[in-house]
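Here's the structure we're looking at; comments come further down.
If you're wondering where the values come from, they're calculated on a predicted model, not measured in any experiment.
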Amino acid sequence: MDNARRSSAHQRDSAIPKPFQPTVRLLIVQPTPFCNINCSYCYLSSRSSRATIDDRTLENLFAKLFASGWVRRRLDLAWHAGEPTVLPVAFYQHAFAIMERHRPGNLDVCHSFQTNATLLTKAWCGFFRDAGIRVGVSVDGPKHINDLSRVSRSGQSTFPRVLAGIRLLREERVPFHVITVLTGESMRSARALHDFYAAEGIEHVGFNVDESEGEHVSGLEPGPASWRAYKDFLAEFWSIAAREGLVKSIREIDYMVRAVYQQPVRRIDAAPRRGNMLVEPFAVLNVDHRGNIATFSPELLGQVNADYNDYIIGNVNTDAFAALPHSGVLAKMSADIEAGVEMCRARCGYFHVCGGGEPVNKMAENGTFVSDVTSYCRMTRMGVADLVTTGPNAG
Ligand code: SF4
């Protein structure tokens with residue numbers, strides 16, 4: 001073949017889309033939508049349902065996923081949403097045994113639980129420790145702040161039970177981190193939050209923010225005052241933690257330091273967005289108790305949306321995994337999410353550290369995936385990026 005024909009054949013070949021081979025990095029299983037408490041900022045509309053995933057669904061999920069070739073050497077598996085510990089330890093021992101029967105020998109599975117800690121017992125601690133499970137505890141700080149939002153189903157304080165759970169984890173030597181949802185009150189209370197964590201020996205913290213998701217509308221005032229309050233909170237908290245050395249890691253700061261300083265130098269418009277799993281089809285796979293499958297932002301599963309079939313792209317009991325990439329819903333979502341990412345890429349100076357944001361927030365705040373900036377990204381991306389480039393003590 002002469003060079004001209006070789007070149008034109010090459011151009012034709014590269015225009016043919018290669019078969020799409022998904023890579024699942026994070027699997028989130030919702031074994032039950034039920035939660036035993038009733039936080040005011042919760043977006044889970046079915047958190048009163050006691051429905052539970054059954055054996056057939058677990059068998060189909062693990063058999064089909066592991067046979068698909070979509071999982072490489074390591075899989076993070078999060079048991080999440082509603083409260084996972086409302087089901088007994090025996091449920092998870094059985095579920096893990098089902099998973100193990102199908103797990104390829106060369107695959108590492110790293111389990112994690114996010115819990116409100118109100119139901120923890122020594123048996124739970126032993127299970128977490130023996131299975132090497134990563135544990136995250138949801139608590140919003142000291143009692144007067146925690147109980148503003150994290151209340152029982154009858155509206156009572158959850159704090160004593162949460163604290164008992166945290167202390168039990170420490171006594172039983174189960175490593176854990178804490179996730180706190182920031183509200184208007186807690187953003188004014190960096191010192192109080194820090195001192196609570198320090199007093200309870202909590203060394204690793206992450207801060208979510210009261211964000212609009214699904215039916216929940218954030219209680220934060222929309223606009224620059226809230227964006228500034230978030231940044232000021234994080235700056236003050238970081239400054240205290242760095243000075244006193246008791247809280248060792250702040251998830252948002254650690255993430256952004258890596259994103260800002262460990263990127264190879266490249267033009268912003270050439271920046272890849274591989275770092276953003278939430279806009280990559282199948283990088284995050286979410287499965288609910290009925291076997292429904294969704295991808296992109298985990299919070300989408302369980303929400304209602306007529307345009308996107310409630311974000312459900314298939315079901316582990318009725319669909320072959322090979323058919324999922326051809327789902328019409330997936331194609332529509334992918335195209336719209338991708339269009340939103342391209343708007344971010346074209347217009348946002350933070351794209352290289354963000355990768356196009358979170359589809360669930362774009363939908364909740366802007367009413368469409370085909371959009372860019374949100375209040376959420378102004379706080380958690382732009383604000384944090386500005387902070388780590390100036391340092392915690394910059395005025
Ligand atoms: S910071 Fe906001 S506007 Fe910028 S890339 Fe991220 S989501 Fe898009």
Could you check whether any side-chain heavy atom of Tyr230 comes within less than 4.5 Å of a side-chain heavy atom of Glu252, counting everything from C-beta outward? yes

When you measure from the side chain of Ser157 to the backbone of Asp147, do you find a donor-acceptor pair of N or O atoms at a distance under 3.5 Å? no

From SG (Cys377) to CG (Asn361), nearest 0.5 Å: 8.5 Å

Non-hydrogen side-chain atoms of Glu83 and Val86 separated by less than 4.5 Å: yes

Regarding Asp336 and Lys332, does a basic nitrogen lie under 4.0 Å from an acidic carboxylate oxygen? no

Phe237 and His194: aromatic ring centres closer than 6.0 Å? yes

Under 3.5 Å side-chain donor-acceptor pair for Asp140 and Thr180: no

Which heavy atom of Trp238 sits nearest a heavy atom of Ile250, and at what distance? CA-CD1, 3.7 Å

Are Glu203 and His177 linked by a side-chain donor-acceptor pair shorter than 3.5 Å? no

Asn116 and Cys35, any side-chain heavy atoms less than 4.5 Å apart: yes

Mark yes or no for whether Arg129, through its side chain, and Arg173, through its backbone, hold a donor-acceptor pair below 3.5 Å. no

Crowding at CD, Glu244 (>12 non-hydrogen neighbours, <6.0 Å): yes

Is there a side-chain hydrogen bond (donor to acceptor under 3.5 Å, both in side chains) between Ser375 and Trp227 once you walk through the steps? CA-CA 7 Å; Ser375 255; Trp227 310 336; 3.0 Å; yes

Verdict with reasoning, Glu365 to Arg378, per salt bridge (charged side-chain N to carboxylate O under 4.0 Å, His left out): CA-CA 12 Å; Glu365 290 192 34; Arg378 284 191 188 277; over 6 Å; no

Indicate yes or no: at least one non-hydrogen side-chain atom of Ile293 is less than 4.5 angstrom from one of Asn315. no

First locate atom CG of Leu65, then atom CG of Asn60, and finally report the distance between them rounded to the nearest 0.5 Å. 12.0 Å

Report yes or no: does Thr158 contribute a side-chain atom to a donor-acceptor pair with the main-chain N or O of Ser152 at less than 3.5 Å? no

When you compare the side chains of Ser186 and Thr183, does any donor N or O come within less than 3.5 Å of an acceptor on the partner? yes

CZ (Phe62) and CZ (Arg101) are apart, to the nearest 0.5 Å, by 11.0 Å

Would you check if the side chain of Asn305 reaches a backbone N or O of Asp307 as a donor-acceptor pair within less than 3.5 Å? yes

Is there a donor-acceptor contact under 3.5 Å linking the side chains of Thr32 and Arg50? no

Is any side-chain N of the basic residue among Arg345 and Glu342 closer than 4.0 Å to the acidic one's carboxylate O? yes

Do the two ring centres, one from Phe296 and one from Phe369, sit under 6.0 Å apart? no

Test your reading of the model: is there a side-chain donor-acceptor pair from Asn276 to the backbone of Leu278, 3.5 Å cut-off? yes

Would you check if the side chain of Asn38 reaches a backbone N or O of Ser154 as a donor-acceptor pair within less than 3.5 Å? no

Taking the basic N atoms (NZ, or NE/NH1/NH2) and the acidic carboxylate oxygens, is any pair closer than 4.0 Å for Glu280 and Arg25? yes

Using the ring of each side chain (for Trp, its six-membered ring), is Phe91 parallel, tilted or perpendicular to Trp79, with breaks at 30° and 60°? perpendicular

Is it true that Arg74 and Asp108 make a salt bridge, defined as a side-chain N closer than 4.0 Å to a carboxylate O? no

State plainly whether the residues Asp232 and Arg228 are in salt-bridge range, i.e. N to O under 4.0 Å. no

Asn208-Arg251 side chain donor-acceptor pair, cut-off 3.5 Å: yes

Under the salt bridge (charged side-chain N to carboxylate O under 4.0 Å, His left out) rule, what do Arg103 and Glu100 come out as? Steps first, then yes or no, please. CA-CA 5 Å; Arg103 181 177 65 86; Glu100 279 298 320; 3.1 Å; yes

Any side-chain heavy atom of Pro84 within less than 4.5 Å of one from Gln114? no

Measuring from Met379:CE to Leu220:CG, what's the distance to the nearest 0.5 Å? 5.0 Å

Between Thr390 (side chain) and Asp386 (backbone), is there a donor-acceptor pair under 3.5 Å? yes

Hey, are Tyr41 and Arg150 close enough side-chain-wise for a donor-acceptor pair under 3.5 Å? yes

Candidate pair His102 and Glu59, rule side-chain contact (heavy atoms from CB on, under 4.5 Å), full reasoning: CA-CA 8 Å; His102 298 283; Glu59 290 278 1; 2.7 Å; yes

So which atom in Val341 and which in Gly355 form the shortest heavy-atom distance, rounded to 0.1 Å? CG1-O, 4.2 Å

Can you name the nearest heavy-atom pair linking Val162 to Ser138, along with the distance? CG1-O, 4.2 Å

Taking C-beta and beyond as the side chain, do Ile337 and Lys362 meet within less than 4.5 Å on heavy atoms? no

Arg188/Glu236 salt bridge by N-O under 4.0 Å criterion: no

Apply the test salt bridge (charged side-chain N to carboxylate O under 4.0 Å, His left out) to residues Asp288 and Arg290: give CA-CA distance (whole Å), side-chain angles for both, the deciding distance (0.1 Å), then the verdict. CA-CA 5 Å; Asp288 74 10; Arg290 289 164 298 196; 3.1 Å; yes

Using the benzene-type ring in the case of Trp, are the ring centres of His111 and Phe96 under 6.0 Å apart? yes

Interatomic distance, CG@Asn317 vs NZ@Lys64, rounded to 0.5 Å, equals 6.5 Å

Counting N and O atoms only, with roles assigned by atom type, does the side chain of Thr121 sit under 3.5 Å from a partner on the main chain of Trp124, one being a donor and the other an acceptor? yes

Donor-acceptor contact present, side-chain Asn366 to main-chain Val373, <3.5 Å: yes

Using ring centroids (six-membered ring only for Trp), state whether Phe233 and Phe207 fall under 6.0 Å. yes

Determine the minimum heavy-atom distance between Ala385 and Val353, stating which atoms define it. CB-CG2, 4.2 Å

For the side chain of Thr57 and the backbone of Ile53, is there at least one donor-acceptor N/O pair under 3.5 Å apart? no

Ile253 and Val388, any side-chain heavy atoms less than 4.5 Å apart: yes

Give the intermediate values and the outcome of salt bridge (charged side-chain N to carboxylate O under 4.0 Å, His left out) for residues Asp195 and Arg191. CA-CA 6 Å; Asp195 289 354; Arg191 169 51 80 181; 2.8 Å; yes

For a side chain to side chain contact (heavy atoms under 4.5 Å, CB included) with Val137, tell me which candidate from Ile166, Thr118, Ile179 qualifies. Ile166

Is it the case that more than 12 heavy atoms not belonging to Arg153 sit under 6.0 Å from its CZ atom? yes

For residues Arg47 and Phe34, determine if any side-chain heavy atom of one lies less than 4.5 Å from a side-chain heavy atom of the other. no

How many angstroms lie between OG in Ser112 and CG in Leu77, if you round to the nearest 0.5 Å? 7.5 Å

Among Ser334, Pro22, Ser327, Pro325, which one satisfies side chain to side chain contact (heavy atoms under 4.5 Å, CB included) with Pro281? Ser334

Side chains of Asn286 and His80: is there a donor and an acceptor less than 3.5 Å apart? no

